[in-house]
Amino acid sequence: MTMVLVYDGGCPFCRHFALRSELVGGMPGLEIRDGRADHVLRSRLKQRGLDLALGAVLLDGDQAWHGAAAIAELCRCMAPSDPLLQLLSQLFSAPKRAQNLYPLLLWARRTALHLKGLPVDPDQAGV
């Protein structure tokens with residue numbers, strides 16, 4: 001089954017990481033979806049308790065990882081050829097380390113979205 005990474009397309013950091021993961025992450029068939037643009041997908045995820053405002057989502061069949069766990073699982077599965085992804089994969093592949101570092105990613109995301117005039121929660125109108 002194809003893994004699906006759902007990310008916030010409004011965040012330049014999220015978009016860059018997602019696109020790099022797809023292109024040079026060593027995960028053939030990884031599907032990336034912009035959760036900010038896909039309202040139906042975002043609604044389905046939210047019904048499962050997976051709020052995009054609180055972090056990326058990685059899906060593999062019925063299995064779902066959210067936030068730090070999603071990034072840790074994705075990094076664990078990657079075999080990147082790209083030096084930046086190699087570094088990120090090493091940093092975030094351990095779940096505990098990912099959990100400790102993930103708030104920094106959320107802070108960068110909030111800052112980038114604020115600078116773009118976008119709300120942190122894609123379901124929220126305005127900032």
Side-chain angles (χ1 to χ4, degrees):
M1 176 146 281
T2 300
M3 290 184 110
V4 178
L5 174 63
V6 184
Y7 71 102
D8 182 349
C11 171
F13 302 119
C14 303
R15 177 180 295 279
H16 186 72
F17 177 76
L19 293 174
R20 273 186 110 74
S21 296
E22 180 185 42
L23 295 174
V24 292
M27 292 183 67
L30 174 67
E31 181 182 336
I32 60 168
R33 305 273 301 270
D34 178 353
R36 187 171 286 263
D38 191 332
H39 307 288
V40 173
L41 174 61
R42 194 172 64 245
S43 176
R44 281 191 211 132
L45 292 174
K46 199 172 243 187
Q47 288 173 354
R48 292 178 64 183
L50 306 168
D51 189 344
L52 190 64
L54 301 176
V57 177
L58 184 65
L59 303 168
D60 188 7
D62 291 334
Q63 179 70 44
W65 297 268
H66 187 224
I71 299 306
E73 183 64 18
L74 181 64
C75 287
R76 190 186 67 72
C77 294
M78 273 198 262
S81 59
D82 178 73
L84 177 60
L85 281 183
Q86 286 175 355
L87 173 65
L88 292 174
S89 181
Q90 290 174 0
L91 281 175
F92 288 95
S93 61
K96 183 68 173 162
R97 190 170 38 235
Q99 187 177 13
N100 289 335
L101 292 173
Y102 199 71
L104 295 173
L105 297 179
L106 291 178
W107 174 82
R109 176 178 170 262
R110 278 192 312 271
T111 301
L113 291 173
H114 175 74
L115 291 173
K116 289 180 76 174
L118 293 172
V120 171
D121 184 347
D123 292 318
Q124 187 179 45
V127 280

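Once rounded to the nearest 0.5 Å, the distance linking CG of Leu52 with CG of Leu41 reads 8.5 Å. How far CZ of Phe13 is from CZ of Arg109: 12.0 Å, rounded to the nearest 0.5 Å. Taking NE2 of His114 as the reference point, atom OG1 of Thr111 lies at 8.0 Å (rounded to 0.5 Å). Met78 contributes atom CE, which lies 10.5 Å from atom CD of Gln86 (distance to the nearest 0.5 angstrom). Going from atom CG of Leu59 over to atom CG of Leu50 covers 7.5 Å, rounded to the nearest 0.5 Å. In this structure, OG1 on Thr2 lies 10.0 Å from CE on Met27, to the nearest 0.5 angstrom.
Using a 4.5 Å heavy-atom threshold, the side chains of Asp8 and Leu113 count as touching. By the 4.5 Å heavy-atom criterion applied to side chains, Asp34 and Arg15 are counted as neighbours. Counting only heavy atoms from C-beta outward, the side chains of Pro119 and Arg36 approach each other to under 4.5 Å.
When every heavy atom of Trp65 is checked against every heavy atom of Asp60, the shortest pair comes out as CZ3-CB, 3.8 Å. In plain terms, the two heavy atoms of Arg48 and Asp62 that are nearest each other are NH2-O, 3.1 Å. Nearest heavy atom pair, residue Val6 against residue Gly35, reads CG1-CA, 3.7 Å. Contact detail for Tyr102 and Phe92: the closest heavy-atom pair is N-CE2, 4.3 Å. Contact detail for Pro12 and Lys116: the closest heavy-atom pair is CD-CD, 4.0 Å.
Looking at Ser89, its side chain does come within 3.5 Å of a backbone N or O of Cys75 through a donor-acceptor pair. Of the possible donor and acceptor atoms, one in the side chain of Arg97 sits under 3.5 Å from a partner among the backbone N and O of Leu91.
Remark: Arg33 pairs with Glu31, Asp38 by the salt bridge (charged side-chain N to carboxylate O under 4.0 Å, His left out) rule, at least two apart or across chains. Evaluation of the salt bridge (charged side-chain N to carboxylate O under 4.0 Å, His left out) rule for Arg44 yields no partner, not counting sequence neighbours.
By the rule that hydrophobic residues join a cluster once side-chain heavy atoms approach within less than 4.5 Å of another member, Leu19 and Leu5 end up as members of one cluster. When hydrophobic clusters are built by joining Ile, Leu, Val, Met, Phe, Trp and Tyr residues whose side-chain heavy atoms come closer than 4.5 Å, directly or via intermediates, Trp107 is not grouped with Leu115. Hydrophobic clustering (ILVMFWY, side-chain heavy atoms < 4.5 Å, transitive): Ile71 and Val57 are in distinct clusters.
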Subject >> CA sep, side-chain torsions, deciding dist, call: Asp123, Lys46, side-chain contact (heavy atoms from CB on, under 4.5 Å) >> reply: CA-CA 10 Å; Asp123 292 318; Lys46 199 172 243 187; 2.8 Å; yes

Original post:
Stepwise, does the side-chain contact (heavy atoms from CB on, under 4.5 Å) test hold for Leu106 with Arg110?
Top reply: CA-CA 6 Å; Leu106 291 178; Arg110 278 192 312 271; 3.9 Å; yes

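Taking the charged nitrogens against the carboxylate oxygens, Asp51 and Arg42 have no contact shorter than 4.0 Å, which rules out a salt bridge.
Paired with Phe17 under the rule side-chain contact (heavy atoms from CB on, under 4.5 Å), one option of Leu74, Leu84, Ile32 passes, and it is Leu74.
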